[in-house]
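Working notes, structure below.
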Amino acid sequence: MSEPAAEPTVGPAAGAPDAPRARGLLAAARTMARSRETALVLIAAVMGVLAGLAASAMSMTTQWMHEVLFALPPGQRLSSSGALGSVWLALVPVVGGLAMGLIYLALRRWRRRAFVDPIEANALHGGRMSLVDSIIVAGQTMVSNGFGASLGLEAGYSQIGAGIASRLGLSFRLRRNDLRILVGAGAAAGIGAAFDAPLMGAFYGFEIVIGSYSIPAAAPVLAATLAAVMTARLLGAHVEPLHLPLDAVLSPLDILPVVALGLVAALVAIGVMRLVTGVETLFGASRLPAALRPAVGGLVVGALALYSPQVLSDGHGALHLQVESAVTLSVALVFGLKIIASAVSIGSGFRGGLFFASLFLGALMGKLFGGALALLVPSLHLDPAVAAVTGMGALAVGIIGGPLTMSFLVLEMTRDLALTGYVLAAAVVTSLTVRETFGYSFSTWRFHLRGETIRSAQDIGWMRALTVARMMRTDMRTFPQDGTLAALREAYPLGAQRVVALVDGAGAYAGLARVVDAHAPGRDADAPASAIAVHCDDMLLPGMNVREAALAFDATDAEDLPVVEDRVTRRLVGLLGQAHVLRRYAEELDKARRGLGAED
């Protein structure tokens, strides 16, 4: 069958003049993006709009799911409802667990690789993320939260924002450091839009995703966050501020119970993180198939919700109720049940974050602390509402990290600058205590359990990429270990070579011989070369990174070390000097600081 007559008009002849022009425009745009700071800010602003749209869509969709699945009136928050409308609604999280199990089976078959979150992307991969993976993670968090699992959408907000940012940055071929900044801006935009809090969102990007605050990063992050927040506001996504009683007055002496509350928050934060790990371990050790574990977790969460729906979802609606209500025994019960529900939700396989859950738990903890303080030490009385808000910020810092992030969140939610100062004091105490006694936030603790050494989003990916195999020399000189010193002297005169690698009959590494030692006066010329061998059992492996190599040099007090294929065969593949390691480390560190990288 012949082709339609109109087809040739869009063939190569007609399109050829436009193709070079399009490639030229794209190349010019990429050049501008890499060379002009204003271009990066514009890209960040566009990305912020997209992140705001995505975050708003996620929030509205999950609210709609709550209303449909739990028979709520329009606009009512799930966790603020007084009770479940029917006992059968306790099974909704079970259905969500079954859905998560099906997603697990699908991913195991068609997408088996581990997903990279924004912190890991910036720490290890120079900001490189998969947008498809980010969409999947966002979908999983929506299913989990929408069906009532005791988790928030924050993981999805930050993931989708960072995924969009990474995709845009890779399209413009941004430098490593610029891409990391854009990914931090994307995560900040998603979180800021969800909470209607541009300052909190920006510092979430600085403290948690980028790992530091810098002037070059300020404009892109702030532009992205403001664009996202304004987009969310235009779409009607709005977070109600907390309303504190007007008679809540703070005095200078209130700093004492605030500091004590910060210490309590640190202990609770560590306990929550340990509990989540313990529940995950229990589910892992059980004989339950992984695909069925979320359903079992959903059954537990649903059963707890029969006592109080405040344990469901992220607890956003319940937070407002708890901050403004009196301290009663039910507060302690809800506090304990919410911790269990969140731990079971994560441990069983639901997807989500503890960001807002930690805020809700912190408010409950603060109220309980304030009530106990009024009974035990009346002279240090702290208003329960103030204690709730302070505990909210402090516990969130202990679990999520970011003292300034949580302090700005309190400021933007309460509109109370004086109270924010006290929250900051508690947050600093909590952060310092958790870092000194535990050393991790929730996200970095989970990396630690996987065997990673990430403690923040600071860029260490370049360090891991700089391996011994990349640094070693392969033109090393070898000599038989049973050869005589006379033969070694003849083969390598003084000044010809500094060190020679000794090998046995099978070619395996047997030690290093310094040429100057072989020529030392008084040496028996007929003695074997092995008589002057050093570092016979000290070896490097090709896969070691520059940090591991530097530690090996320090431990062995060596100037040179051999590189072997493995420690069993000891087949020699190269030689590496300490001076070269330190020089390469300094060079790569300077590149990382200036935003350059291997991708360039």
Across all chains, not counting sequence neighbours, the ring-ring contact (aromatic ring centres under 6.0 Å, His included) partners of F206 are F203, Y213
For residues 384-406, the side chain to side chain donor-acceptor pair (under 3.5 Å) pairs (sequence neighbours left out) are E207-T405
Could you check V137 against D133 for side chain to side chain contact (heavy atoms under 4.5 Å, CB included), going step by step and ending with a plain yes or no? CA-CA 6 Å; V137 170; D133 289 354; 5.5 Å; no
If we ignore hydrogens and angles and just use 3.5 Å, is the side chain of S158 paired with the main-chain N or O of A155 as donor and acceptor? yes
Distance-only donor-acceptor pairs under 3.5 Å for side chains of residues 332-342, two or more places apart:
unit_1	atom_1	unit_2	atom_2	d
K338	NZ	S150	OG	2.8
K338	NZ	V311	O	3.4
K338	NZ	S313	O	2.8
S342	OG	S150	O	3.1
S342	OG	S150	OG	3.2
S342	OG	K338	O	3.1

Considering residues at least two apart in sequence or located in another chain, which fulfil the side-chain contact (heavy atoms from CB on, under 4.5 Å) criterion with M142? M58, T61, T62, L153
Flag side-chain contact, heavy atom, 4.5 Å: M406 against V423: no
N/O donor-acceptor pair under 3.5 Å between T141 side chain and A138 backbone: yes
For residues M200 and M413, determine if any side-chain heavy atom of one lies less than 4.5 Å from a side-chain heavy atom of the other. no
With a 4.5 Å heavy-atom cut-off, do N145 and L151 have their side chains touching? no
Short question: side chain of S79, backbone of A318 - any donor-acceptor pair under 3.5 Å? yes
Kindly list each side-chain donor-acceptor pair under 3.5 angstrom involving residues 351-361, sequence neighbours excluded, with atom names and distances?
unit_1	atom_1	unit_2	atom_2	d
S358	OG	L354	O	2.9
S358	OG	F355	O	2.5

Run I400 and E154 through side chain to side chain contact (heavy atoms under 4.5 Å, CB included) and show every step you take. CA-CA 11 Å; I400 306 300; E154 303 80 27; over 6 Å; no
Does a side-chain heavy-atom distance below 4.5 Å link L84 with L306? yes
Contacts of type side-chain contact (heavy atoms from CB on, under 4.5 Å), residue A363, not counting sequence neighbours: L319, V323, A388, M392
Pair F283, V296 - check side chain to side chain contact (heavy atoms under 4.5 Å, CB included), show working. CA-CA 10 Å; F283 272 103; V296 174; 4.2 Å; yes
Please assess S59 against Y157 for the test side-chain hydrogen bond (donor to acceptor under 3.5 Å, both in side chains), listing each intermediate value before the final yes or no. CA-CA 9 Å; S59 297; Y157 294 142; 2.6 Å; yes
Flag side-chain contact, heavy atom, 4.5 Å: Q140 against I136: yes
